[in-house]
Amino acid sequence: MKYWRKPLDAAQVKPPRGEVHIVINRCKGCGFCITYCPRKVLEFSEEFNRKGYHPPVVLHPENCVNCGLCEAICPDFAIWSTPVEQPEEKKENAGGK
Amino acid sequence: MKRLDVTLGQDLRHPLEEYLRMDRIPHVWCPGCGIGTTLNAFLTAVKKSGIPRKDIAVVSGIGCSGRAAGYVKLDSFHTTHGRAIPFATGLKLANPKLTVVVFAGDGDLLAIGGNHLIHAARRNMDINIICINNFNYAMTGGQFSPTTPEKARLTTAPYGSYEHPFNVPFLVDSCGATYVARWTALHVRRLTNSILEALHHPGFSFIEVISSCPTVYARRNRLGTGLDLLKFYRDNSVIKNGANTRECDIRFQEQLIVGKFVDQEKPTYHDTMTEYLSQSVGKRYVPYQGPMQGKEEDGN
């Protein structure tokens, strides 16, 4: 992530991680989620779905922070994200020092 | 470019599926239309509000947004043209515990149902109205509506509309609405919070949602796709909470003032009825509590 100044608690706070789920054949290819994803996780696919639209594909799954904007803005109930559990060990080390 | 995994999402369930009639999804709304986003925001707000499913009813009129009643897995009514508010008023009178939501469009609420709107606002009926404003009658092919901005071209206004449009927040505010807000289909978080506030607000709540209509309004006016309209909202909407509703009129492709304009407490229709009749009739008056009075509330 880009910062104009590194946060003081950057070592302790870990951004959450998310996993994006897409129901490809329900998507109508409006592009709302792709345009307004704040971390640019999604991209139009080159292939068509069953209805002839280009649904999004997850291009950078590691960037997703589970903000849920794609889920909120999708008019077709075709995309959502779920939180991903992160290993606790790293968090403890970072927080202790 | 990553290849499409068609098997992805086959066995997954959307978080809002418990509130949707999944046998009717995918819905009929065009790609890029803002009604789906508004329905998404509404259902998210219902989920967050914690109101039991049996205590909420959705009423919709005719038009694109009228389809919403068929997609929600709540008690829902698809009523005749313009008569969504009378149905909602009747529901609220028959069962005062019910949270009644009217989900309708600008043509339905403001043209054909205009009288019902102003009188429901005047009485301060405890109903919530979500008005999808896409500036035209989209389902019937794009006739101009009472909210079409001047100079906008539509099927029945090929040289541009020359009628003065309604300033909707000012209209309902002057009629006595106690909660008035306006958001666009882009402001999903604020819209969800606003609907959540309106669901818990006693009295007449009115939320106008400026929605993209890529198939008719944008095509007739060469405004691009639904995404282009959302980009326009992003660049041109100004959030002014508590703004004077008189100044919130919409001009064609100009600045949009959005926000929560009015939030006040006022006795609702039921409050004034109970108070007045208790005073004038005395002990003989028994306030009606709805069909569940005296019975154990069971079932789901």
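Worth saying up front: this structure is predicted, and the values here are computed from it rather than measured. Quick note on labels: first sequence line is chain A, next is B, and so on, each numbered from 1.
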So [Y] and [X], do their side chains get closer than 4.5 Å, heavy atoms only?
{"X": "His27(B)", "Y": "Lys28(A)", "answer": "yes"}
{"X": "His21(A)", "Y": "His14(B)", "answer": "no"}
{"X": "Pro31(B)", "Y": "Tyr53(A)", "answer": "yes"}

Please flag which part of Leu69(A) lies under 4.5 Å from any non-hydrogen atom of chain B: side chain, backbone, both or neither.
-> both
Filtered by a 4.5 Å non-hydrogen cutoff, the part of residues 33-42 of chain A contacting chain B is Thr35(A), Tyr36(A)
Heavy-atom contacts under 4.5 Å, [range] to chain A:
{"range": "residues 101-109 of chain B", "result": "none"}
{"range": "residues 56-64 of chain B", "result": "none"}
{"range": "residues 37-51 of chain B", "result": "Thr37(B), Leu39(B), Asn40(B), Leu43(B)"}

Minimum heavy-atom distance between [X] and [Y], given as atom pair plus value:
{"X": "Ala72(A)", "Y": "Arg189(B)", "answer": "CB-NH1, 3.9 Å"}
{"X": "Phe32(A)", "Y": "Cys33(B)", "answer": "CE1-O, 4.3 Å"}
{"X": "Trp80(A)", "Y": "Pro15(B)", "answer": "CG-CD, 3.5 Å"}

Flag yes if more than 12 heavy atoms outside Arg67(B) fall under 6.0 Å of its CZ atom; otherwise flag no.
-> no
Taking everything shown except Arg21(B) itself, do over 12 heavy atoms lie less than 6.0 Å from its CZ?
->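 Result for CZ/Arg21(B): enclosed.
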[X], part contacting chain A, at a heavy-atom distance under 4.5 Å:
{"X": "Ile25(B)", "result": "side chain"}
{"X": "Leu191(B)", "result": "neither"}
{"X": "Leu16(B)", "result": "side chain"}

With rounding to the nearest 0.5 Å, note down the distance linking CZ in Phe77(A) to OH in Tyr71(B).
->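 So the CZ of Phe77(A) and the OH of Tyr71(B) are separated by 10.5 Å.
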